[in-house]
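Encoded as structure tokens, the structure appears first; notes follow it.
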Amino acid sequence: MPTIKITKRAVDAATPTAKQVFLWDTEVKGFGLKTSAAGKRTYIFQYRTGGRESATQRFTIGEHGSPWTPDQARKEALRLAGLVRQGVDPREDQRQKRKATVALAFDKYAEAFVEGYLKVHWKRWKEAKRILDRDVVPMFGKRPLTSITKGDIDDLLSSMNDRPALKRQAYSILSKLFNWAVKTRGDITVSPLTTMDAVPTVRPRDRFLSAEELAAFILAADATPYPFGHYFRVLAGTLQRRETVAGSDWAQFNSGQELWSIPARLMKNGLDHVTPCNDEVVEALGSLAARRAGLIFTTTGTTGVSGFSKAKKALDKRMVAILRARAEGRGEKVEELDDSILLPGWRLQDLRRTGVTALQAMGVPVEVTEDILAHTSGTREGVAGVYNKYRYLVEKKVALGLWGEFLRDLRGTALAAEPHRKWLYADRLRRLDAELG
């Protein structure tokens, strides 16, 4: 067999004959060029894995042309020769790589994890699946499990710093997924989370907005342009979660926007939910008369709003300015006060706690409040939770109506008042019963 240093000149000079011809490299043993009768030139590597008595094996590196130049093919041949010296068959190495790029692609592996582990061992597997689908899979996509590093996981979790509960859940889910891949499936040898510190359990929060802070929120939302100004108003008015409101669609509301039928895919508990809309919400939606199809809060037309941190910072800035101006209007000396004193740190999720606190002050029963928030309790589980979507509808309408009135009244007061007898739930419910006879 002819031997020569395989260079570009040698490859270009290789001409087809009636049968395939092999040209072997003088520098790397087993590295060669195969020229077919049709003129196709392919780099190959020939080797034995069991000593001189074993059969010769031939591995195809690739056809001449991008990316395979003589130098690149020679480097690959050297890598393959190293595998052979370690007792590894290059064909088995290739098979494992194909498995990594197909069977171990993160998006497909996450689906297998849901079916093989979450559905079997996690009572709230639907919630975990939503976190995977919404927050994790878009980050890793089709990347093989073996290519995901500790740094990649840290980047993902760092993006959730403003959502500590979600960050903790995502860490727990990924920890289980990679441990399942190591211990149960044997698809990888070590989890990238092995040397990571566990995300601490989130302490229950007790932050809620005072009436004056809530007044500043409402006025700041009024001054914020679409989509976030309207989004903030609906978020406060409905007391639903931020992702639920962000994913809302016009088709989910009745003709007058007084009833919102929320699909299970937008709900944390995975159940359909129906909630009345008070005048505050109806007015916010009504001001978007030109937008009557598709997503309500969007900048792309195809996805709901995101970038909550940036929008929240702008909202906080407006709220501080409003709080400062209102205080100065009352003759208070606040010029030297730091912004963090005027408005201590809070999150959008705290609006729900603020609403619950106000509803309790108004005398709204716990079970009605729980149903407004779509919290899954004993009374919402089982058949009742799946089929009785309209329970407490009248009571929720009264409660949210009072909450909406409270929000609207906050706009016109120099010093916002806390909920008092004007908004008592029992009185309003008795009045409604009398009107209905």
Side-chain angles (χ1 to χ4, degrees), residues 104-145 147-182 184-185 188 191-194 196-205 235 240-249 262-273 295 297 303-309 312 347-350 352 373-376 380-381 385:
L104 298 185
F106 187 85
D107 56 351
K108 296 298 182 184
Y109 207 87
E111 292 179 4
F113 174 65
V114 170
E115 295 297 325
Y117 183 87
L118 290 181
K119 285 187 177 181
V120 178
H121 299 287
W122 279 34
K123 182 178 180 180
R124 301 180 68 176
W125 66 268
K126 290 183 179 179
E127 180 179 344
K129 181 180 185 301
R130 276 194 297 276
I131 292 173
L132 279 171
D133 293 343
R134 184 190 64 213
D135 301 291
V136 183
V137 171
M139 180 80 166
F140 298 136
K142 296 186 178 299
R143 286 182 55 183
L145 224 61
S147 73
I148 298 172
T149 66
K150 174 183 175 181
D152 295 327
I153 302 293
D154 187 63
D155 287 344
L156 171 69
L157 297 177
S158 294
S159 70
M160 302 174 180
N161 283 341
D162 63 331
R163 295 169 288 171
L166 175 63
K167 181 178 180 179
R168 170 68 185 177
Q169 287 177 299
Y171 171 84
S172 179
I173 294 166
L174 283 171
S175 179
K176 291 295 183 184
L177 185 151
F178 281 101
N179 283 340
W180 185 68
V182 173
T184 303
R185 297 281 295 262
I188 59 176
S191 165
L193 286 85
T194 299
M196 286 187 70
D197 293 332
V199 175
T201 302
V202 180
R203 293 181 180 179
R205 285 178 59 82
L235 187 70
Q240 299 306 309
R241 290 184 172 86
R242 73 178 198 180
E243 290 83 5
T244 302
V245 178
S248 60
D249 189 293
I262 309 174
R265 61 182 174 79
L266 293 180
M267 298 301 299
K268 184 178 180 180
N269 61 19
L271 299 174
D272 293 336
H273 185 57
L295 292 166
F297 308 108
T303 58
V305 289
S306 57
F308 297 106
S309 296
K312 169 72 163 42
R347 303 192 192 118
L348 291 177
Q349 295 93 318
D350 296 333
R352 281 162 63 86
L373 300 179
H375 281 170
T376 304
R380 285 186 61 88
E381 293 178 346

Candidate pair D152 and T149, rule side chain to side chain donor-acceptor pair (under 3.5 Å), full reasoning:
CA-CA 5 Å; D152 295 327; T149 66; 3.1 Å; yes
With side chain to side chain contact (heavy atoms under 4.5 Å, CB included) as the criterion, how do W122 and V114 come out once you've worked through the C-alpha distance, each side chain's angles and the decisive distance to 0.1 Å?
CA-CA 10 Å; W122 279 34; V114 170; over 6 Å; no
Verdict with reasoning, L156 to L174, per side chain to side chain contact (heavy atoms under 4.5 Å, CB included)
CA-CA 11 Å; L156 171 69; L174 283 171; 3.7 Å; yes
Run the numbers on W180 and Y109 for ring pair (Phe, Tyr, Trp, His ring centres under 6.0 Å), then give the verdict.
CA-CA 11 Å; W180 185 68; Y109 207 87; 5.7 Å; yes
Could you check D155 against M139 for side chain to side chain contact (heavy atoms under 4.5 Å, CB included), going step by step and ending with a plain yes or no?
CA-CA 10 Å; D155 287 344; M139 180 80 166; 4.0 Å; yes
Carefully, step by step, assess N179 and L193 under the rule side chain to side chain contact (heavy atoms under 4.5 Å, CB included).
CA-CA 9 Å; N179 283 340; L193 286 85; over 6 Å; no
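To the nearest 0.5 Å, the span separating OG on S159 from CG on D154 amounts to 10.0 Å. In this structure, NZ on K176 lies 10.5 Å from CG on L118, to the nearest 0.5 angstrom. Distance CG/L348 to CZ/F308: 8.0 Å, rounded to 0.5 Å. To the nearest 0.5 Å, atom NE2 of residue H273 and atom OG1 of residue T244 are 9.0 Å apart. For the atom pair CG (D135) and CG (L157), the distance works out to 10.5 Å, reported to the nearest 0.5 Å. Rounding to the nearest 0.5 angstrom, the gap separating the CD1 atom in I153 from the OG atom in S175 is 10.0 Å.
Listed by first then second residue, pairs satisfying ring pair (Phe, Tyr, Trp, His ring centres under 6.0 Å) with a partner in residues 148-175 number zero, not counting sequence neighbours.
With contacts defined as side-chain heavy-atom distances shorter than 4.5 Å, the pair L166/R134 qualifies. Looking only at side-chain heavy atoms (C-beta outward), Q240 and M267 come within less than 4.5 Å of each other. With a 4.5 Å cut-off on side-chain heavy atoms, L177 and V136 do not count as touching. The shortest distance between side-chain heavy atoms of R124 and Q169 does not fall below 4.5 Å.
Applying the salt bridge (charged side-chain N to carboxylate O under 4.0 Å, His left out) test to K129 and every residue at least two apart in sequence or in another chain returns D133.
Looking at every heavy atom in both residues, R242 comes nearest to L235 through CA-CD1, 3.6 Å. In terms of heavy atoms, R168 sits closest to P200 at CD-O, 3.7 Å. A264 and G270 get closest at one heavy-atom pair: CB-O, 3.3 Å. When all heavy atoms are compared, the tightest approach of L132 to P138 is O-CD, 4.0 Å. Residues A181 and L145 approach most closely at CB-CD2, 3.7 Å, considering heavy atoms.
Counting heavy atoms of neighbouring residues, nucleotides and ligands inside a 6.0 Å radius, atom NZ of K312 exceeds 12 of them. Crowding of N161 atom CG: a count of heavy atoms from other residues, nucleotides or ligands under 6.0 Å exceeding 12.
The aromatic rings of Y117 and H121 sit tilted relative to each other, their planes meeting at an angle between 30° and 60°. Taking the six-membered ring where tryptophan is involved, the planes of F178 and F106 are tilted, since the angle between them lies from 30° to 60°.
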